[in-house]
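First up is the structure itself, then whatever we jot down about it.
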Amino acid sequence: IRLVGDETEVELGAADGSDILNITQNNANEEALQVLGGVCSMYEGVRLYGCNPMVGAAMASAVRISKSEAYRSKGTFHMYGGSIDSNVTDGYWGGGAVISETQTAFYMHGGVIENNITQGVSESWGGGVCVVDGGAFYMEGGLIRNNTCEAGSHSTCGGGGVAVARPDLSSIHFGGP
């Protein structure tokens, strides 16, 4: 699923939690959900799980919040419920989600990010969530647990749950914006 353009708005599931939606992807060239512009909201009953992109093909396994230069748009992701779980990336960042680029944001209001793994050959950051290159992560609710960052034999590793790979540009906030 790819969202592009500032006017794009997509809701995964229903605000009242009545919808059931399971999203998985294996051995692909990109993340299962890319928010490259606009706003995506995820609700209870939605599960992003079992995503495992090809080695080195994606920044994250399940969710990438970034921007599109071609459309001059920025992505925003709101997680009100549901889960991002049991995903594995062999890339650098974000077993569960990665927020990259200036003016992109992930607002976690609820839900669970758990059992995700980042395992890089040279670097691994953020088993659950990784913030890089100017992105912002706001955790207002929900739960992040049991995520891991695994280092290879020539690897640097950081942030099993949440990592800020570029603290000079990126930010994390707990308790609200």
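Basis for what follows: all heavy atoms, side chains included, without hydrogens, waters or symmetry-related copies.
Taking CG of Asn116 as the start and SG of Cys130 as the end, the distance is 12.5 Å to the nearest 0.5 Å. Between the CD atom in Glu114 and the CG atom in Asn146 there is a gap of 6.5 Å [rounded to 0.5 Å]. Of the inter-residue distances, the one linking Ile23 atom CD1 with Leu48 atom CG reads 4.5 Å to the nearest 0.5 angstrom. Atoms CG and CD, from Leu21 and Glu44 in turn, are 12.5 Å apart once rounded to the nearest 0.5 Å.
For the pair Ile113 and Val129, the minimum side-chain heavy-atom distance is below 4.5 Å. Inter-residue side-chain proximity for Val35 and Thr76 is flagged as unmet; no heavy-atom pair is nearer than 4.5 Å. Side-chain contact check for Met108 versus Ile144: some heavy-atom pair is nearer than 4.5 Å.
Among all heavy-atom pairs drawn from Val63 and Ile84, the shortest one is CG2-CD1, 3.9 Å. In this structure, Ser170 and Val132 approach most closely via the heavy-atom pair OG-C, 3.1 Å. Here the closest heavy-atom approach between residue Ala136 and residue Val131 is recorded as N-CG1, 3.9 Å. Nearest approach of Tyr49 to Asn87, heavy atoms of both residues: C-OD1, 3.3 Å. The shortest heavy-atom contact between Ser86 and Arg47 is OG-NH2, 4.4 Å. Listed here is the closest heavy atom pair of Leu33 and Cys40: CD2-SG, 4.2 Å.
No donor-acceptor pair closer than 3.5 Å links the side chain of Asn147 to the backbone N or O of Val162.
Summarising the hydrophobic clusters (Ile, Leu, Val, Met, Phe, Trp, Tyr; side-chain heavy atoms under 4.5 Å, direct or chained), the residues clustered with Tyr43 are Tyr80.
Glu140 pairs with exactly one of His173, His109, His78 by the side-chain hydrogen bond (donor to acceptor under 3.5 Å, both in side chains) rule, that one being His109.
Criterion: ILVMFWY side-chain heavy atoms under 4.5 Å apart, direct or through other members. Under it, Ile65 and Phe174 are part of a common hydrophobic cluster. Under the 4.5 Å side-chain heavy-atom criterion for Ile, Leu, Val, Met, Phe, Trp and Tyr, Leu143 and Met139 are members of distinct hydrophobic clusters.
Between Tyr138 and Tyr107, the two ring planes are parallel [angle under 30°; tilted spans 30° to 60°].
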